[in-house]
2 protein chains.
Amino acid sequence: MGEHMATRKEVADRAGVSIAVVSYVLNDSNYVKEETRRKVLQAIEELGYETNMAARALKMRKTEQLAVLINHLGNPHEAGLLLRIEEHAAKHNYVLFFQTFHKEQESRLKALLHGRVDGIFLLGQSLQEETLRHFAKLGIPVVSITTPAVPRCDHVTSIDLDWTAEYRKLIRLLKAKGHERIAYMAIGDPEHPLSHRLKAFRQAMEQERLPLAEPDIFYADGGLQTAHEAIRTKVTAPGRFTAIVGANDLMAAGIVAACRASGVRIPQELAVAGSEDILMSSQTAPPLTVIHYPREKVGEIAMEVMLDKMRKRPASDRILQAEIVERASL
Amino acid sequence: MGEHMATRKEVADRAGVSIAVVSYVLNDSNYVKEETRRKVLQAIEELGYETNMAARALKMRKTEQLAVLINHLGNPHEAGLLLRIEEHAAKHNYVLFFQTFHKEQESRLKALLHGRVDGIFLLGQSLQEETLRHFAKLGIPVVSITTPAVPRCDHVTSIDLDWTAEYRKLIRLLKAKGHERIAYMAIGDPEHPLSHRLKAFRQAMEQERLPLAEPDIFYADGGLQTAHEAIRTKVTAPGRFTAIVGANDLMAAGIVAACRASGVRIPQELAVAGSEDILMSSQTAPPLTVIHYPREKVGEIAMEVMLDKMRKRPASDRILQAEIVERASL
DNA sequence: CTGTTAGCGCTTTCAT
DNA sequence: ATGAAAGCGCTAACAG
């Protein structure tokens with residue numbers, strides 16, 4: 001429990017050189033005589049020396065740390081996205097830290113991250129303009145995933161699907177099976193980042209010339225259980241919608257559970273679809289037809305965009321294509 | 001894009017005091033005249049000043065950052081555990097970063113973390129003794145979750161279930177339903193941290209005086225798909241086991257999927273159980289009976305233990321109790 | 001109650 | 001090819 005960490009000074013002393021030389025060999029930033037280099041390397045080895053990242057960060061004004069602000073890691077869609085981002089961040093030697101984040105904590109955020117990160121990913125999160133301006137002033141890029149770009153704020157770059165287009169595909173599929181009255185389960189909070197999916201769905205229905213009555217829009221908090229509860233009594237109501245799509249897969253799974261609990265057969269009596277394609281969706285009974293959100297690709301692009309922005313290269317918003325995965329739920 | 005961050009010096013100048021005074025009000029570490037304090041606070045406000053955490057970390061030898069080494073965030077069990085740890089870490093003002101970690105990268109680990117973290121959580125991971133000693137020397141505590149303690153290494157504290165006891169409960173339940181030949185699906189790699197669950201299962205079977213034949217132990221990589229493939233042809237084999245337990249829930253779900261694909265009825269023809277209780281397990285058809293791993297409690301205790309260790313207080317290994325959640329799969 | 005100052009461990013310019 | 005030294009932004013002893 002020595003509590004001791006070898007410092008660069010000690011390495012220098014042991015190798016009989018100055019600390020500058022140690023830096024040179026460590027960073028390959030200057031010519032060093034082969035013999036000297038070996039002595040230094042050996043001293044490093046013997047002392048078990050490692051560079052102190054905090055000191056380096058202070059000097060370089062670069063932490064090689066990135067933050068990801070998420071909603072709820074319990075949602076496999078977010079976990080999957082986070083996983084992909086980390087995968088690509090690691091390739092570029094960045095360390096990722098994540099924060100489950102809610103609007104109320106926004107004030108603490110600046111203090112928490114100051115001097116800690118080189119960039120910020122938003123995963124289904126939005127920040128106030130003032131906060132965004134703050135990070136812009138600091139030169140800390142913000143990349144937003146799963147949430148549309150903030151208007152008038154060119155500081156944040158966003159990556160997402162064209163939800164209207166994707167929902168149109170899904171609606172056409174439902175139409176082909178004879179459905180005309182399609183319901184939607186959205187996230188209750190109108191401030192919630194996923195509320196733009198509802199807007200997109202509305203637009204898609206309109207473009208497909210299908211009416212979407214207000215009572216056919218249901219609200220829950222994004223979780224399976226509350227979705228189940230919100231829809232339970234509705235699935236057996238006479239004269240109801242014949243299909244329903246969930247703003248996320250967890251809610252779609254909740255709808256499936258509600259149907260099973262009420263003995264409503266899927267897809268004969270009700271068609272159900274999800275919007276993300278998490279693993280669970282392939283295991284429900286019946287398995288869910290979903291829009292496959294390309295998490296892998298999104299993670300890759302997100303890191304790519306982040307790197308561009310950190311290097312002050314121009315980066316523009318990205319819209320990806322998704323595929324529909326047809327399973328037995330419709 | 002000013003790239004500018006206000007420094008403590010600027011605040012001091014603007015308020016007409018020395019930088020020490022700014023520190024005093026910020027850290028409440030010294031008496032400051034009320035009027036002076038107000039002037040300082042105002043200057044901070046006006047400049048949008050925030051403390052630079054890298055500088056503070058260097059000076060204090062304390063980063064307020066913790067690392068979590070995980071296996072695969074795509075496994076909801078790990079994601080759930082991580083979520084809980086973060087929840088408690090945030091309460092104590094710690095920031096968490098996670099790394100998907102594989103043995104091959106162990107050499108990079110020391111360099112990556114040095115000066116970056118005050119402590120390390122292992123989530124179903126193990127490290128070589130030499131690495132552990134390295135962190136011990138640096139005074140960086142290691143808390144291991146879901147993996148048994150490392151022998152001869154009192155530096156790491158571990159938190160887990162008494163798997164033998166939990167499996168005995170499950171086995172007794174199966175016995176009561178008439179099962180005598182119970183199979184197990186383990187993780188293939190004997191080096192894998194979850195392999196201790198297999199050992200515990202063996203022990204439990206022995207204590208319950210039930211034979212566990214080698215051919216009744218199946219191996220997969222921990223994922224749903226490979227579990228499905230590994231068991232597919234076996235569930236229809238004549239004279240086979242009548243029940244099977246998965247070392248994790250994802251594999252148990254894979255077994256359920258294999259049964260559905262082969263038309264094997266659960267639980268009439270085969271009983272299936274899992275070991276963790278992830279959300280998905282409640283949505284399979286039929287829903288899975290599982291050991292409920294108390295992730296919430298474990299997350300809380302993990303952080304508690306970590307804090308104790310960081311404060312040099314003694315901390316001992318913790319064994320938690322679990323409950324069995326009975327659902328329709330057996 | 002407030003200011004001066006010495007470092008924390010590192011990088012890098014400028015001499016040599 | 002190597003070294004001396006300044007300084008990144010912060011804390012805390014110490015002096016007043």
Side-chain angles (χ1 to χ4, degrees), chain A residues 3-41 43-44 47-65 110-111 113-118 138-139, chain B residues 3-41 43-44 47-65 110-111 113-118 138-139:
Chain A
E3 195 76 7
H4 186 65
M5 57 183 177
T7 119
R8 196 153 288 195
K9 177 86 174 63
E10 292 176 55
V11 173
D13 287 350
R14 182 169 199 120
V17 297
S18 76
I19 63 171
V21 174
V22 181
S23 269
Y24 298 151
V25 351
L26 245 20
N27 303 333
D28 230 2
S29 55
N30 212 335
Y31 265 115
V32 173
K33 208 201 303 172
E34 193 48 38
E35 195 196 325
T36 318
R37 158 183 257 93
R38 272 212 328 279
K39 278 192 303 196
V40 171
L41 255 15
I44 287 173
L47 293 168
Y49 170 83
E50 300 286 353
T51 298
N52 179 322
M53 294 319 239
R56 161 180 274 222
L58 175 58
K59 180 66 185 178
M60 305 288 277
R61 298 159 166 291
K62 184 141 177 10
T63 60
E64 296 188 280
Q65 298 183 164
K110 289 183 286 193
L113 299 186
H114 193 86
R116 271 210 173 118
V117 299
D118 298 337
L138 260 38
Chain B
E3 194 78 8
H4 185 64
M5 57 185 178
T7 121
R8 195 155 286 195
K9 177 89 176 61
E10 293 176 55
V11 174
D13 288 351
R14 182 170 198 119
V17 297
S18 78
I19 63 171
V21 174
V22 180
S23 268
Y24 298 151
V25 350
L26 245 20
N27 304 334
D28 231 1
S29 54
N30 212 333
Y31 265 118
V32 174
K33 206 204 301 174
E34 191 48 36
E35 194 195 327
T36 317
R37 158 183 256 93
R38 273 213 326 280
K39 277 194 303 197
V40 171
L41 256 15
I44 287 172
L47 292 168
Y49 169 84
E50 299 287 351
T51 298
N52 179 322
M53 295 317 238
R56 158 180 275 223
L58 176 59
K59 179 66 186 179
M60 305 288 277
R61 298 157 167 290
K62 182 139 178 10
T63 60
E64 298 188 281
Q65 298 182 167
K110 289 183 284 193
L113 299 186
H114 192 87
R116 272 211 170 119
V117 298
D118 298 338
L138 260 39

Whole-Å distance separating the [atom1] atom of [X] from the [atom2] atom of [N]:
X        : N      : atom1 : atom2 : value
A:Arg116 : D:dC8  : CZ    : P     : 22 Å
A:Glu10  : C:dC10 : CD    : P     : 10 Å
A:Arg56  : C:dC8  : CZ    : C1'   : 17 Å
A:Ile19  : C:dG7  : CD1   : C1'   : 13 Å
A:Leu58  : C:dG7  : CG    : C1'   : 12 Å
A:Leu26  : C:dT12 : CG    : P     : 12 Å
A:Asp13  : D:dA4  : CG    : C1'   : 14 Å
B:Lys59  : D:dC8  : NZ    : P     : 16 Å

Subject >> OP1 or OP2 of D:dG9 under 4.0 Å from side-chain N/O of A:Arg61 >> reply: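 A:Arg61 to D:dG9 OP1/OP2: side-chain N or O found under 4.0 Å.
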Original post:
For D:dT2, does OP1 or OP2 lie under 4.0 Å from any side-chain N or O of A:Thr36?
Top reply: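 Looking at the OP1 and OP2 atoms of D:dT2, one of them is under 4.0 Å from a side-chain N or O of A:Thr36.
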Subject >> NZ/NE/NH1/NH2 to OD/OE distance under 4.0 Å, B:Arg37 and B:Asp28 >> reply: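 Yes.
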Subject >> Sugar-phosphate, base or nothing in reach of A:Ser29, heavy atoms under 4.0 Å >> reply: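 The answer is nothing, as A:Ser29 stays clear of every strand by at least 4.0 Å.
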**OP:** Classify the nucleic acid contact of A:Asn27 as base, sugar-phosphate or nothing, counting any heavy atom under 4.0 Å across all strands shown.
**Re:**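 Result for A:Asn27 = sugar-phosphate.
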Original post:
Of B:Val21 and B:His114, whose nearest nucleotide on DNA chain C comes first from the 5' end?
Top reply: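 Its nucleotide being nearer the 5' end, the pick is B:Val21.
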Subject >> Contact nearer the 5' end of DNA chain C, comparing A:Asn30 with A:Thr51 >> reply: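 Nearer the 5' end of the strand: A:Thr51.
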Original post:
Quick one: which of C:dG3, D:dC10, D:dC8 gets closest to the side chain of B:Tyr49?
Top reply: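 Minimum distance to the B:Tyr49 side chain belongs to D:dC10.
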**OP:** Would you indicate which nucleotide in C:dT12, C:dG9, C:dT2 comes nearest to any side-chain atom of B:Val32?
**Re:**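 That would be C:dT2.
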Subject >> Along DNA chain D (nearest heavy atom to each residue), the more 5'-positioned of B:Tyr24 and B:Asn52 >> reply: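 Result: B:Asn52.
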**OP:** Assess whether atom NZ of B:Lys9 is packed by more than 12 heavy atoms of other residues, nucleotides or ligands within 6.0 Å.
**Re:**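 Incorrect, the count does not exceed 12.
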Subject >> Gap between atom CE of A:Met53 and atom CG of A:Leu58 - 0.5 Å precision >> reply: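 A:Leu58 CG to A:Met53 CE: 13.5 Å, rounded to 0.5 Å.
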Original post:
Does any donor atom in the side chain of B:Arg61 or A:Asn52 lie under 3.5 Å from an acceptor atom in the other side chain?
Top reply: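 The criterion, which ignores hydrogens and geometry beyond distance, is not satisfied for A:Asn52 and B:Arg61.
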**OP:** Considering non-hydrogen atoms only, spot the tightest contact between B:Thr51 and B:Arg56 and give its length.
**Re:**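 Of all heavy-atom pairs spanning B:Thr51 and B:Arg56, the closest is CG2-NE, 4.1 Å.
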